[in-house]
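Let me begin by presenting the structure, written as structure tokens, before commenting on it.
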Amino acid sequence: MAYSDVYAPSAPELPDSFEQQLNGEDRYCYAYPYSSSGMFSPETHPDIARSFESADRDRSGFLEESELREALSFSGFEGISNRTIRFLMFIYKSPGDSLLLLGPKEYVELWNCLAQWRAIFDKYDRDRSGKMNSSELKDAFYHLGYMLPASVLQLILSHYDDDLCFDGFLECGMIVKGLTEKFKEKDSSYTGYATLSYDVFMSMVIPFIASYD
């Protein structure tokens, strides 16, 4: 089974009473599933379909790394690093495909997830600095249901040179959420403790770091 089926973290819930407008329209509109033909369904937000089709220069029906970066930039997700782009492709790639390619269905899933992460970032970036400090990051993770120790929060911030912009928040947020979801499978009583064999531990962690090679 492909990593994208097993390890792609579910999208976070939107913050309560979150409202933000962009050009008079709801910025965080979401797409709906595709028809069996593989084409965009009529309910798909036009900007999502347009960004995919504009970036798919060779009309292959799939986006490679550079095309995905272009598509996301068209959708307002500028400044995402090459490393994060590759990470996103790794966990959302077309199931069963060894190549890092995103089809229309995977792109919609990724776009929806990014929109929800962006909503949370904007909600907790209270000073509108475009980056998160330790207090804002702690509150954002708390909203997601994760009470990370101060030592872990500091480790995250130090990794990003205390400059946690949306790109960094997206990357670390998806890793924390994805690994926590996998850990909870072994901690069914929610005690905060679990017994893991070495191979289970490695199988949990490697998919989240292999894309950095």
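Model, not experiment: these values are computed from the prediction.
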Scanning both residues in full, the closest heavy-atom pair of Y160 with E171 reads OH-OE2, 2.7 Å
Distance check, rounded to the nearest 0.5 Å: N112 atom CG versus I48 atom CD1?
5.5 Å
Kindly compute the distance separating CG (N133) from NZ (K138), expressed to the nearest 0.5 Å.
12.0 Å
Is a side-chain N or O of S60 found less than 3.5 angstrom from the main chain of D56, in a donor-acceptor match?
no
Does E109 have any side chain to side chain contact (heavy atoms under 4.5 Å, CB included) partners at least two apart in sequence or in another chain, and if so, which?
Y92, K105
Are D199 and S197 linked by a side-chain donor-acceptor pair shorter than 3.5 Å?
yes
L100 and M89 have their tightest heavy-atom pair at O-CE, 3.0 Å
Among the clusters formed by ILVMFWY side chains lying less than 4.5 Å apart, do V205 and Y198 turn up in the same one?
yes
Quick one: pull up CG in L164 and CD1 in I156 and give me the separation to the nearest 0.5 Å.
7.5 Å
Find out if a path of hydrophobic residues (ILVMFWY) with successive side-chain heavy-atom gaps under 4.5 Å connects I120 to Y142.
no
Set out, in order, the CA-CA distance, both residues' side-chain angles and the distance that settles side-chain contact (heavy atoms from CB on, under 4.5 Å) for L144 and T180, then state yes or no.
CA-CA 11 Å; L144 293 169; T180 300; over 6 Å; no
Please work out which of the three classes, parallel, tilted or perpendicular, describes the rings of F121 and F169, given edges at 30° and 60°.
tilted
Side chain to side chain contact (heavy atoms under 4.5 Å, CB included) against R50, all qualifying residues, sequence neighbours excluded
P46, D47, S54, F74
CZ of R126 to CZ of R128: how many Å apart, nearest 0.5 Å?
9.5 Å
Please tell me if the side chains of M174 and C113 come closer than 4.5 Å, counting only heavy atoms from C-beta onward.
yes
Are any of the side-chain heavy atoms of S134 and L153 separated by less than 4.5 Å?
no
Nearest heavy-atom contact between S51 and Y107 is OG-OH, 2.7 Å
Taking K182 first and then E185, would you say they form a salt bridge - that is, a charged N and a carboxylate O separated by under 4.0 Å?
yes
Would you say that L68 contacts L110 through its side chain, given a criterion of any heavy-atom pair below 4.5 Å between the two side chains?
yes
Residue list, side-chain hydrogen bond (donor to acceptor under 3.5 Å, both in side chains) with D187, at least two apart or on another chain
T191
Any donor and acceptor pair, going by atom type alone, linking the side chain of E106 with main-chain N or O of G103 inside 3.5 Å?
yes
Within-4.5 Å side-chain heavy-atom neighbours: F77 and L170
no
Look at the rings of H45 and W111 and say which category their plane angle falls in: under 30° parallel, 30 to 60° tilted, over 60° perpendicular.
parallel
With sequence neighbours excluded, what pairs up with C165 under the side chain to side chain contact (heavy atoms under 4.5 Å, CB included) test?
D167
Can you list every salt bridge (Lys or Arg N to Asp or Glu O under 4.0 Å) pair that touches residues 62-73, not counting sequence neighbours?
R57-E70, E65-R69, E65-R86
Identify the heavy atoms of T44 and A49 that sit nearest to each other, and give their distance.
CG2-N, 4.4 Å
Given side chains that start at C-beta, do those of V152 and V176 come closer than 4.5 Å, heavy atoms only?
no
Student check: side-chain heavy atoms of C172 and F141 closer than 4.5 Å
yes
Just to verify, what does L155 make a side chain to side chain contact (heavy atoms under 4.5 Å, CB included) with, not counting sequence neighbours?
S158
Nearest 0.5 Å, please: how far is CG in D127 from CE in M132?
10.0 Å
When rounded to the nearest 0.5 angstrom, what distance separates NZ in K123 from CG in D125?
12.5 Å
